[in-house]
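One structure is given here, and the rest of the page talks about it.
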Amino acid sequence: MTDQPAMPSPGAAALEEFAQLASDERIAKAAAALKGNGIRAFVVDSGGDARDVVRTLLTDGAEVFNNTSQTLEAIGVAEDIERSGRYQPLRLRLYRMDREMQLREMRTLAASPDYVVGSVHALTEGGSLLIASASGSQLGPLASGAGHVILVVGGQKVVADVESGIRRLYEYCYPLEDARAREAYGVPSGVNNILIINKVVAGERVTVIIVKERLGF
Amino acid sequence: MSMFDYDARPITPQVVLIGTHASHGAYAIRDFLSRNGAPFEWVDAGQPDAVRAALGVAEVDASALPVCILPDGTQLAPATVEQVAAGLGMVAAPSLSEYDLTIVGAGPAGLAAAVNAASEGLRTVVIEAVAPGGQAGTTSMIENYLGFPNGISGSELATRAVVQARRFGAELLLARPLVDVSADGPGYVAELSDGARVRGRTLLFASGVDWRRLDVPGIGDLLGAGVYYGAGPSEALACAGSQVIVVGGGNSAGQAVVRFSRYAQHVTLLVRGADLSGSMSQYLVDRVSTLPNVDVRVRTEVVGLEADEFLRAVIVRSAEHTEPVRLVTGALFICIGGIPRTDGATGIELSTNDAGYLVTGSDVAADPGRGWPLPREPLPLETNRPGVFAAGDVRCGSVKRCAAAIGEGSMAVALIHRRLAEAGGD
């Protein structure tokens with residue numbers, strides 16, 4: 001697996017199509033569509049505002065899993081979850097568990113947090129959310145395991161439709177994530193699993209905060 | 001690569017600790033951070049590249065070690081456990097001027113008492129010298145605790161209990177030992193090592209036991225440098241592929257063997273008694289006996305150590321061999337208990353048995369020399385001082401099992417209610 005060649009950086013066309021901040025109109029359209037799909041949506045001007053919204057949504061003392069996310073790291077949400085003392089940050093709890101002796105406890109704990117906070121790789125104007133994962137670990141809690149899902153989405157991730165979203169994922173996100181994974185973990189990444197959330201039936205289980213800034217990739 | 005290699009690591013900056021493996025001070029901080037579940041990065045001071053990456057210089061003066069870099073960038077050099085605890089915001093002052101119940105010790109008995117007391121509305125504070133969990137907190141897997149058919153680790157049990165206690169409003173004062181207790185009217189004042197004073201209408205000693213020290217020449221110099229008391233989680237990974245020796249015949253030793261057998265090339269369990277069945281739960285005896293990389297030497301004692309800067313070998317003497325036997329190892333884990341932790345209790349002259357365990361209930365009543373002052377009989381779990389109770393391993397006659405300690409801690413709260421009613425104001 002480690003012999004897999006590194007992905008080339010996103011090309012000019014991908015950058016042009018997928019790295020640009022969407023217009024206010026497209027963001028508003030996506031937000032309205034999310035609401036129509038049973039997903040609570042907020043639109044905010046800055047990462048700082050998004051951080052404030054996340055704080056108001058999370059319950060003190062809750063078990064919170066913050067997904068690996070450049071977005072959450074950039075706007076301080078990861079720090080709030082891991083260091084504020086207000087919540088039970090599951091990453092830290094998992095980190096100290098003995099992988100030889102406690103794998104079952106780890107699986108159970110990671111699969112069903114009170115809240116999972118993360119981001120997506122694409123949000124369509126029709127209100128669909130696309131998330132890819134190399135290990136797949138993020139996807140179960142997002143789809144159903146977590147009690148509540150909070151997703152912070154940079155405004156450059158808005159795409160026209162699911163097909164564009166899939167292309168964004170392969171042509172833009174994957175090369176950047178591959179480079180990050182090699183740097184952080186010493187292994188390549190992969191589009192091994194894809195979750196598409198089109199509609200949510202449990203009212204207010206999923207909240208999306210769209211930020212009118214470029215955040216993450 | 002497992003999902004947990006990606007998703008079970010902190011994203012935000014954590015503590016960086018730079019030191020030498022042979023350093024007592026560095027080991028104390030490693031152990032403290034580990035037992036409190038605080039992630040940290042260990043940097044060996046003998047690795048110039050790693051030191052440069054952490055500090056910007058390739059070498060650190062030995063007198064400045066261990067160096068600790070806190071998440072906010074603060075550097076402590078040389079760092080102490082107390083400084084690290086304070087720097088991480090783990091040291092809080094008591095929020096109330098008086099509590100209904102002060103609990104000494106956050107092991108299973110203390111945490112059970114905290115959950116039950118706080119859930120019943122008692123103003124409850126817990127004082128803990130090191131980290132929640134007590135001896136059980138370092139146990140890798142408790143498989144006979146009710147309700148967890150697949151087992152639960154001691155640290156996870158403690159983590160859940162702390163959350164539960166806090167949810168009901170109990171307060172935890174961590175990282176500071178009790179240094180003194182004095183009577184104050186019908187209540188008691190506990191003084192902590194940093195000078196903080198905690199007034200409680202009642203007091204519960206759930207302070208547990210410390211590991212018994214092995215009486216072998218030179219062992220004190222090797223603490224953290226190959227010799228460890230208990231089987232702390234901070235050293236398990238460091239044992240990968242090595243020869244490990246565990247000393248003890250109880251469940252703690254058995255659980256340590258099971259854990260280290262997953263990492264080490266070979267584990268030797270040294271037991272002073274003739275067999276394990278008298279002191280270890282049968283499920284652990286069975287488990288240990290099936291591990292292919294473990295051997296058990298009964299009627300065997302450690303009589304010497306060989307070391308340079310680190311432990312290199314252990315000399316043992318057994319009933320089967322007339323001559324001492326040399327076992328090459330770099331890791332000796334001593335899991336023999338215990339010495340009751342009653343430090344700080346001398347100020348109120350609590351009665352103990354010859355081994356130092358706190359005497360309670362009918363044992364107090366049976367001996368007029370213990371100075372029980374009230375016309376009523378002492379309550380079960382009540383010491384010779386009215387309103388001072390004991391539960392768990394520190395109590396004379398207790399069953400040295402996690403579930404039993406939890407039972408005693410829970411039971412103590414009902415008795416504490418009776419004492420509070422007697423003293424007025426309940």
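Per chain, numbering begins at 1; letters A, B, ... match sequence-line order. These figures come from a predicted structure and were not determined experimentally.
With respect to chain A, the highest number of heavy-atom pairs below 4.5 Å among B:Gly89, B:Pro71, B:Ala38 belongs to B:Pro71. Of the listed residues B:Arg166, B:Arg167, B:Gln14, the one with more heavy-atom pairs under 4.5 angstrom with chain A than any other is B:Gln14.
One finds the CD atom of B:Glu156 at 10.0 Å from the CE atom of A:Met106 (value rounded to the nearest 0.5 Å). Here the OG1 atom belonging to B:Thr12 is positioned 6.5 Å from the CD atom belonging to A:Glu79, to the nearest 0.5 angstrom. In this structure, OG in B:Ser34 is found 10.0 Å from CZ in A:Arg96, a value given to the nearest 0.5 Å. Rounding to the nearest 0.5 angstrom, the gap separating the OG atom in B:Ser155 from the CD atom in A:Gln102 is 5.0 Å.
Residue B:Ile152 touches chain A through both its backbone and its side chain, counting heavy-atom pairs closer than 4.5 Å. For A:Ser133, no part sits under 4.5 Å from any heavy atom of chain B, backbone or side chain. Contacts between B:Phe148 and chain A at a heavy-atom distance below 4.5 Å are absent for every atom of the residue. Looking at A:Leu109, only its side chain comes within 4.5 Å of chain B, counting heavy atoms on both sides.
With sequence neighbours left out, the salt bridge (Lys or Arg N to Asp or Glu O under 4.0 Å) criterion links A:Arg167 to A:Glu17, A:Glu171. In terms of the side-chain hydrogen bond (donor to acceptor under 3.5 Å, both in side chains) criterion, B:Asn36 has no residue partners (sequence neighbours excluded).
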side-chain contact (heavy atoms from CB on, under 4.5 Å) evaluation trace for A:Arg83 with B:Asp72
CA-CA 11 Å; A:Arg83 306 214 63 85; B:Asp72 66 2; over 6 Å; no
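Shown here for B:Phe40 and A:Tyr95, the closest heavy-atom pair between the two residues is O-OH, 3.7 Å.
Side-chain N/O atoms of B:Arg160 and A:Gln88 include no donor and acceptor closer than 3.5 Å.
Atom CZ of A:Arg55 has more than 12 neighbouring heavy atoms from other residues, nucleotides or ligands inside a 6.0 Å radius.
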